[in-house]
Amino acid sequence: MKTQEVPGTEPKALRDERPVLDFLRRFIRHRTAAAGAVIIIAFTLIAVFAPYIAPHDPFSLNFRHRLEGPSRDFWLGTDELGRDILSRIIYGSRISMTVGVVAVAIGLLVGGLLGAVAGFFRPLDNVIMRFVDIMLAFPSILLAIAVVSILGPGLVNLMIAVGIRSVPSFARMVRGMVLQVSQLEFTVAARAIGATEARILFRTVLPNCLAPVLVFATLEMAKAILLGSILSFVGLGPEPPTPEWGKMVADARAVLRDAPHVALFPGFAILLTVLGFNLLGDGLRDTLDPRLRQY
Amino acid sequence: MLRYIVQRLFAAVPVLLGVSILVFLMIHLIPGDPARQIAGMDARPEEVERIRDELGLNDPLPVQYVRYLGDLLKGDFGRSMHSRRPVIEDVKERFPVTLQLAVASTLVATLIGVTAGVISAVYKYKLVDHLVMIGALMGISMPVFVIGLLGMWLFALHLRWLPSGGVGGPWYTWDGLKYMILPALTLAGTSIGIIARLTRSSMLEALRQDYVKTARAKGLSELAVVVKHALRNSLLPVVTYLGLEFGFLLGGAVVTETIFSLPGLGRYLLSAISARDYPIIQACILLGALFFVLVNLVVDVLYSFLDPRIRYG
């Protein structure tokens, strides 16, 4: 999307002996990545400090102010029960961010472990990857729906379901990286000086997979938040008073004709968060490893 | 060619068996006693026993699975726990709706996505390129239901150009078609973004190749160069992607059908989940996976047809 820098052609000031600083410089210069980072930092702060920021109680009903448009008292208006939409969106950021983090953590830990083992201990490769193939045969939303229908609806089960969905993709991605890094000279060198297999895996191979995995995990965050809101929207998420964004949109469908803002504002909140992670992921991919550019 | 197809078909068999095992195990993965869970907490013991018996939960697990698989091969998906109708009957009624929706949105997504991607690549770094790419990123980041509700509010409730839900006549008449436009566009939204990005990068790659230089050098019009030479060669990754995309569409159909009240498999699945009607849930998940695998099989074959190097590689 932005000009792609060819290694060695950057201006002198950009090159730095310290790789972290060098990365930070390139990252900040990358406008879309920086924009993504700003969005995500903003939503993280909003989630953390929700009780201090929210102008109203997100749960308090106010029947005198039902379905009002944006006003000075209620910046984004009120919903069908007279609750302040802005406050509910602010509290909702806690749920969506948690869904994203927990789901990606599950995918990264379970999928990453499966992938690392499959790529590194070759005898297990076939067994693990056939299982991954079977998981991948389920369309992702259907896989998540299947998990929720087994465990029952609810916020925790939703996170598990979204997490399980990303396990096969993480496994496949990490396996590919491990296979690639295992062929590289420094891994061969580590083996030659007699390092144990476990040491090679954890000290040599996995740290060198970190950058692409980070990019992948960022883009997975976007997908997890999206899928979480979809499951909530169709009624497989947290129970009613919870200010979950997808649920808020679903509840506002009945009043779409007369008060579209009740559905659209939480919808835009989802859009903005997911956009933030997508921008950041794209930007990280460009700055950390231009070879990974896919689109 | 035929050998390749047969080979691919056989490779799909273990995956499909695995899928059937996982779907079969769904009932057994329910925490606690599945029969009691399905019957509800206040059901009488006879009722629980009847369900246990009907689902065959008293037999050893392998016996249950073999019977399940045998029934599947005969096209028997069991009966709904509530309406007592054979699930296959309901599926037959609802499948065409979901299929129509999926096919329509694939067509829309490919058409718009490829066009946008080509324009973006040809006008690289120009304003229109940035606009298309921003639009694509928005499409990717927007939940299906937000696209759907925005479209419904604007075109159905506000402008009143299109109906807000339900179905009309057959799809080839305007009366039927007008009910499909909004759902198909909604479902296509995300795919348009992804296809546009994919086409753009693939086109940029192709436009750098020597054969494009040759085509220009021999004096072909720019349109012919772009469409006949570059585009043809850059469609391969898009074709692969369409197969993967179909899985997303099948899942997204659940949401789209809910929003636009379409009587398809997605809504059938959702109502079955709230009723804990497991035979229906199992059938829908299984059909989704089966269809997804088959479409990807077709795409693989199509791919090898478009690019003979794949077969011998």
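Reckoned from all heavy atoms, side chains included, excluding hydrogens, waters and symmetry mates. Chain identifiers are assigned alphabetically (A, B, ...) following the order of the sequence lines, protein sequences preceding nucleic acid strands; residue numbering begins at 1 within each chain.
Heavy-atom contacts from other residues, nucleotides or ligands closer than 6.0 Å to CZ of A:Arg172 number 12 or fewer. Applying the 6.0 Å contact sphere to CZ of A:Phe131 captures no more than 12 heavy atoms from other residues, nucleotides or ligands.
Here B:Phe145 is the residue among B:Trp153, B:Phe248, B:Phe145, B:Phe292 with the most heavy-atom pairs under 4.5 Å with chain A. Between chain A and the residues B:Val15, B:Val293, B:Val19, the largest count of heavy-atom pairs under 4.5 Å involves B:Val19. When the candidates B:Glu205, B:Met142, B:Met26 are compared by the number of heavy-atom contacts under 4.5 Å with chain A, B:Met26 comes out ahead. Note on B:Leu270, B:Leu286, B:Leu250: by heavy-atom pairs under 4.5 Å with chain A, the leading option is B:Leu270. Heavy-atom pairs under 4.5 Å with chain A were tallied for B:Gln282, B:Met138, B:Lys124, B:Arg276; the largest tally goes to B:Met138. With chain A as the partner, the residue from B:Ile285, B:Val255, B:Val146, B:Val23 showing the most heavy-atom pairs under 4.5 Å is B:Ile285.
For chain A, no part of B:Phe246 is nearby; none of its heavy atoms comes within less than 4.5 Å. Of the two parts of B:Leu149, the backbone and the side chain both hold a non-hydrogen atom closer than 4.5 Å to a non-hydrogen atom of chain A. For a residue to count as touching a neighbouring chain, one of its non-hydrogen atoms must lie under 4.5 Å from one of that chain's; by this rule A:Leu256 touches chain B with backbone and side chain alike. In this structure, chain A has heavy atoms under 4.5 Å from both the backbone and the side chain of B:Ile140. When heavy atoms are compared at a cutoff of 4.5 Å, A:Ala222 does not approach chain B at all. Only the side chain of B:Ile281 comes within contact range of chain A, with at least one heavy atom under 4.5 Å from a heavy atom of that chain. Using a 4.5 Å cut-off between heavy atoms, B:Ile259 contacts chain A through both its backbone and its side chain. Residue A:Leu236 touches chain B through its side chain alone, counting heavy-atom pairs closer than 4.5 Å.
Here the rule is side chain to side chain contact (heavy atoms under 4.5 Å, CB included) with A:Asn278, and of A:Ile39, A:Thr32, A:Leu219 only A:Leu219 fits it. Of the options A:Thr273, A:Val274, A:Val104, A:Leu280, a side chain to side chain contact (heavy atoms under 4.5 Å, CB included) to A:Met221 is made by A:Val104 and by none of the others.
Using a 4.5 Å cut-off on side-chain heavy atoms (C-beta onward), A:Phe216 and A:Phe170 make contact. The side-chain heavy atoms of A:Met248 and A:Ile89, taken from C-beta on, include a pair separated by under 4.5 Å. Within the 4.5 Å cutoff, the side chain of B:Asn296 has no heavy atoms near those of the B:Asp300 side chain. For the pair A:Pro266/A:Glu244, no side-chain contact is recorded, criterion being any heavy-atom separation below 4.5 Å from C-beta on.
By the 4.0 Å N-to-carboxylate-O rule, A:Arg253 lies too far from A:Glu80 to be salt-bridged with it. Between A:Asp282 and B:Arg197, at least one side-chain N (NZ, or NE/NH1/NH2) sits under 4.0 Å from a carboxylate O, which counts as a salt bridge. Residues B:Lys126 and B:Asp129 are not paired through a salt bridge, judged by the lack of any N-O separation under 4.0 Å between the basic side chain and the carboxylate.
With 3.5 Å as the limit, one finds a donor-acceptor pair spanning the side chains of B:Thr98 and B:Glu257.
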Kindly determine whether B:Leu131 and B:Tyr123 satisfy side chain to side chain contact (heavy atoms under 4.5 Å, CB included), including the steps that lead there. CA-CA 11 Å; B:Leu131 288 180; B:Tyr123 298 100; over 6 Å; no

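By a heavy-atom distance cut of under 4.5 Å, A:Ile145, A:Ala146, A:Ser149, A:Ile150 are the residues of residues 143-150 of chain A near chain B, going up by number.
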